[in-house]
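Atom set for the values below is all heavy atoms of this structure, side chains included, hydrogens, waters and symmetry mates excluded. By convention in this document, chain letters (A, B, ...) are assigned in the order of the sequence lines, proteins followed by strands, and residues within each chain are numbered from 1.
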Amino acid sequence: MARMSRAWLVKSEPDAYSYDDLERDGRTMWDGVRNYQARNFMRDEMRVGDAVLFYHSNIAAPAVVGVARVASEPYPDPTQFEAGDPHFDPKASEDAPRWVVVDLEPMRRLPEPVALERLKEDPEVEGLALVRRGNRLSVMPVSHAHYRHVLRLGGLDPDAP
DNA sequence: GCCAACGTTGGC
DNA sequence: GCCAACGTTGGC
């Protein structure tokens with residue numbers, strides 16, 4: 001039996017890379033993740049076809065703004081090998097890569113962005129890592145129930161293709 | 001292995 | 001711009 005697809009949330013500062021940018025590019029390499037917990041989720045659990053909530057962070061009104069799709073298996077993050085790159089890691093080598101990426105593709109923009117402020121007062125999303133105090137993870141798992149709820153809040157039918 | 005200092009994230 | 005909450009680093 002095929003693996004059940006999973007749902008995730010990724011954060012991005014829109015000044016650095018926004019959902020608009022993802023739609024413009026059509027596909028992007030999700031590079032620069034330098035946190036072990038986030039890395040482990042990507043490396044060990046993210047697979048092609050998984051759904052991804054795309055969240056804009058570090059702005060006046062942080063919000064989930066769209067849905068993306070994991071478009072590749074995890075593979076070594078090339079920026080870790082590039083001296084001079086902001087994400088260069090001198091302790092990583094081609095033989096022993098430390099960091100991974102996946103490719104992401106845009107799926108649907110949410111007709112109504114779902115603000116963090118909105119989620120924080122919603123008992124339906126209790127347990128969602130995003131609304132836990134002090135959470136700084138940039139890649140986190142989202143339950144199917146929470147994923148579907150966020151889509152509905154954003155004005156999408158979770159059962160529509 | 002402890003823990004203080006430091007750096008980063010990200011909401012506000 | 002502030003600062004709380006973390007994660008990492010490095011001296012010991």
Sort and list the pairs that fulfil salt bridge (Lys or Arg N to Asp or Glu O under 4.0 Å) and have at least one residue in residues 55-72 of chain A, not counting sequence neighbours.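 Applying salt bridge (Lys or Arg N to Asp or Glu O under 4.0 Å) to every pair that reaches into residues 55-72 of chain A, excluding sequence neighbours, yields A:R69-A:E105.
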
Heavy atoms within less than 4.0 Å of DNA chain B: which residues of residues 6-15 of chain A have one? Give them sorted by number.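 Those residues are A:K11.
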
Please list residues of residues 116-129 of chain A whose heavy atoms come under 4.0 Å from any atom in DNA chain B, ordered by number; otherwise none.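 Correct list: A:L116, A:K120.
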
List for me each residue that meets side chain to side chain donor-acceptor pair (under 3.5 Å) alongside [X], sequence neighbours excluded, and say none if there are none.
X: A:E45; result: A:R6
X: A:N35; result: none
X: A:S143; result: A:H146

With [X] via ring pair (Phe, Tyr, Trp, His ring centres under 6.0 Å) - residues at least two apart:
X: A:Y75; value: none
X: A:H149; value: none
X: A:Y55; value: none
X: A:Y19; value: A:F54

Residues which pass side-chain contact (heavy atoms from CB on, under 4.5 Å) with A:R136, listed by chain and number, not counting sequence neighbours: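 A:R136 satisfies side-chain contact (heavy atoms from CB on, under 4.5 Å) with no residue once adjacent residues are dropped.
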
For A:N58 and A:K91, find the nucleotide of DNA chain C closest to each by heavy atoms; which residue's nucleotide sits nearer the 5' end?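 Taking each residue's closest nucleotide, the earlier one in sequence belongs to A:N58.
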
Do A:V70 and A:V10 sit in one hydrophobic cluster, given that two such residues count as connected whenever their side-chain heavy atoms are within less than 4.5 Å of each other, even indirectly?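 In one cluster with A:V70: A:V10, yes.
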
What is the first contacted nucleotide of DNA chain B and what is the last, in 5' to 3' order, if contact means an atom lying under 4.0 angstrom from a heavy atom of chain A?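 Going 5' to 3' along DNA chain B, contacts run B:dG7 to B:dC12.
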
